[in-house]
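Structure first, commentary second.
Note that the numbering runs from 1 along the sequence shown for the chain.
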Amino acid sequence: MASRLRQAATNVTNVYNGLLSFTPVVGAFVADAFWGRFRTMLFGSVFGVIGMVVITLSATIRQLKPPSCSAAVRQAGTCVGPSALHRAVLYVGMGLLVVSAGGTNPTALPFGADQFDETNERHKAGLTRYFNWYYAVSMMATFLVLTVIVYVQDKVSWGLGFAIPTVLTLVAFAVFLAGTAVYVYVPPEGSIFWSVARVVVASCRKWRLRLPHPDDARRQEEVLYSYSPVPVAGNDGPHRVFRLPLTLQLSFLNKAAIVTDADEMRPDGSPARPWNLCSVQQVEEVKCLVKIIPVWVSGVVWFVVITELSIYTYIQALTMDLHMGSRFTIPPVSILAVFYLSFALSAPVFDLLISHAARYLTKAGGGGGGGVTLLQRQGAGLVVGSLAFVVAAAVERRRRGSALDHGDGVSPLSAFLLAPQLAVMGASGALSMIGQMEFYNTQFPEQMRTLANAAFYCAQGASSYLATLAVNVVNARTRRRGGSAGRVSDDINAGRIDYFYYTMAVLGAVNFVYFLVCSHFYRYKGEQAPEFAGPELPSDTDSARTSGTEAALLKT
């Protein structure tokens, strides 16, 4: 009975975590195409409050939860399992939280970013600080969950353990509603997927046309279609979409902006057939998406290694001394709070000290005071993450040796010996996770910021499945070589987790090299290649049409 319940709980948890990671894609689509970020976030917040109430009731009301089970009965495996009603109430609560995650996860951060004007240098600096402190506060909240809330659930009451975050959720929802009069609201501009499809189709239809020479600015102004986006209304003035200059990267897509005699315009300057002609702005927005994909893949690999460290650090803690002092014992999962504490402390250190020092040094060196770039920050996080596995491997070798010497498979070493590897990985997260999120939110076009956050959560979701694949591959390879159960065995003392940690360190190093290659070829949004400085194309669409253009552009 106990084993079946554990297996069922594992399956439900896997499904729940998978849905939490991928429903933000649906929420991002709805926000960008139909509702806007505020309404989508409001929708998700309402479902989140209701979901937390249902979960709390399922752990509090006697009729909605299974009967209590003593330690002796639990050991014998004869506990009475949950009824259909118990499962139904729990699943309804979890389903509501999944819907809530789809509405709030992709919109919360970009809605906050909407309150900043990126054309204002003061606001631009404030946006960077906003990303740092957003995650610092989030990680500190998670730290409190893994310490205070988990302790209350484990030692006091599950009902009280859920009631506390439910009350806090209600308070957060009230604070969110209190600011509705002062928020900047960016309305939806339609699905980005249609815009991407139009650029691809238009460029393929005009594949035979020849692009103007990059140095011929006048010719580009004549034959390429430029259309200024309409200002987006905000309560503090118009919110303009950042205008992107023409770039040479992925130049085949530029053909979608070539104006021919067959292209007709509406009175407002937009093309009559949008599947035949796209603006330079649309083309460059599609390029932004394509260029981010290789960097996103590197982020997925980083999430894979951090997932592995979290899982096996928890398993290590199960076989170690969990006492804090002579009487107090911590739950095994609470050791992971060290990661979130390190993250929460490292983020403001980077913002207040390292970032300021880097801006001062680059300004003194004639670099303009730009400081640490987003890609440099992510790269530093990858390096620090690999170092965390080197530390973890050294600790695991010591833990395993003491556990085998002790005879019963349990190490007498304190579980807090695992703190250094978690602290180092927390510092890596403060660099890499915040760097990724800021990178996506600033490098995606403004109207796609919600999709940017969905991409971040999809990276986490994909890493969960890839982490399992990595373990299976390592076990398959090591089992063939030695005939043993593999390095990552169900019995942590029979396996060689230290060797597995070294493997993950090598994977992190390879990922860093791959990231360096991607960074070398990447151009930030609006940035030109060093060998090309394209023109600032005019917004007057009439100047983009000339007679006989198609004949002049056809290849001979």
Side-chain angles (χ1 to χ4, degrees), residues 20 23-24 26-28 30-31 34-61 64 89-90 92-116 126-127 129-153 156-188 233-236 239 340 344 347-348 437 441 449-450 453-454 457:
L20 282 180
T23 49
V26 180
V30 172
F34 304 107
W35 288 0
R37 291 173 192 134
F38 175 79
R39 291 178 61 190
T40 306
M41 186 176 174
L42 179 64
F43 174 85
S45 299
V46 171
F47 272 76
V49 171
I50 299 174
M52 286 301 301
V53 171
V54 172
I55 292 290
T56 302
L57 294 177
S58 71
T60 305
I61 299 178
L64 299 181
V89 174
L90 177 63
V92 166
M94 297 175 71
L96 291 170
L97 293 181
V98 167
V99 175
S100 172
T104 57
N105 285 358
T107 56
L109 190 64
F111 181 71
D114 287 340
Q115 312 308 307
F116 296 86
L127 182 61
R129 181 159 295 179
Y130 165 72
F131 286 115
N132 283 311
W133 285 97
Y134 179 94
Y135 267 99
V137 173
S138 298
M139 293 301 165
M140 184 56 71
T142 308
F143 169 78
L144 294 175
V145 168
L146 290 174
T147 52
V148 178
I149 301 300
V150 168
Y151 178 81
V152 171
Q153 291 174 342
V156 182
S157 164
W158 276 91
L160 180 60
F162 283 118
I164 294 173
T166 299
V167 172
L168 294 176
T169 302
L170 284 168
V171 172
F173 182 59
V175 172
F176 171 65
L177 293 179
T180 54
V182 297
Y183 291 143
V184 173
Y185 301 94
V186 178
N235 67 320
D236 62 343
H239 176 83
Y340 296 98
M437 185 57 79
N441 274 271
R449 275 180 174 159
T450 317
N453 283 264
Y457 286 103

Atom pair [atom1]/[atom2] of [X] and [Y] - distance to nearest 0.5 Å:
| X | Y | atom1 | atom2 | result |
| --- | --- | --- | --- | --- |
| Thr104 | Phe176 | OG1 | CZ | 10.0 Å |
| Thr23 | Tyr457 | OG1 | OH | 10.5 Å |
| Ile164 | Thr169 | CD1 | OG1 | 11.5 Å |

Closest non-hydrogen atom pair, [X] against [Y]:
| X | Y | result |
| --- | --- | --- |
| Gly103 | Thr107 | O-OG1, 2.5 Å |
| Pro188 | Ala31 | CB-O, 3.6 Å |
| Pro106 | Ala101 | CD-O, 3.5 Å |
| Thr40 | Gly27 | CG2-O, 3.9 Å |

* Less than 6.0 Å separating the ring centroids of Phe131 and Phe116? ->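 They do not qualify: ring centres at least 6.0 Å apart.
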Can you check whether [X] reaches [Y] side chain to side chain, under 4.5 Å on heavy atoms?
| X | Y | result |
| --- | --- | --- |
| Tyr135 | Met437 | yes |
| Leu42 | Phe173 | yes |
| Leu109 | Tyr130 | yes |
| Pro348 | Trp133 | yes |

* In terms of ring plane angle, is the pair Phe111 and Tyr183 parallel, tilted or perpendicular, where the classes change at 30° and 60°? ->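 Perpendicular.
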* Are Asn441 and Asn453 close enough that a side-chain donor and a side-chain acceptor fall under 3.5 Å? ->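 Result is yes, a qualifying pair exists.
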* Asked: Could you walk me through whether Tyr340 and Met140 pass the side chain to side chain contact (heavy atoms under 4.5 Å, CB included) check?
  -> CA-CA 6 Å; Tyr340 296 98; Met140 184 56 71; over 6 Å; no
Please tabulate, for side-chain N and O atoms in residues 43-61, each donor-acceptor pair with protein atoms closer than 3.5 Å (sequence neighbours left out).
| from | atom 1 | to | atom 2 | distance (Å) |
| --- | --- | --- | --- | --- |
| Ser45 | OG | Met41 | O | 2.8 |
| Thr56 | OG1 | Met52 | O | 2.8 |
| Thr56 | OG1 | Phe162 | O | 3.3 |
| Thr56 | OG1 | Thr166 | OG1 | 2.7 |
| Ser58 | OG | Ile55 | O | 2.6 |
| Thr60 | OG1 | Thr56 | O | 2.6 |

* Gln153 side chain to Trp158 main-chain N or O, any donor-acceptor pair under 3.5 Å? ->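 Checked: no pair found.
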* Just jot down the side chain to side chain donor-acceptor pair (under 3.5 Å) partners of Thr450, sequence neighbours excluded, or say none. =>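 Thr450: side chain to side chain donor-acceptor pair (under 3.5 Å) contacts with Asp32, Arg37.
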Would you tabulate the side-chain donor-acceptor contacts of residues 141-151 under 3.5 Å, counting partners in other chains and residues two or more places apart, or write 'none'?
| from | atom 1 | to | atom 2 | distance (Å) |
| --- | --- | --- | --- | --- |
| Thr142 | OG1 | Ser138 | O | 3.0 |
| Thr147 | OG1 | Phe143 | O | 2.8 |
| Thr147 | OG1 | Leu144 | O | 3.3 |

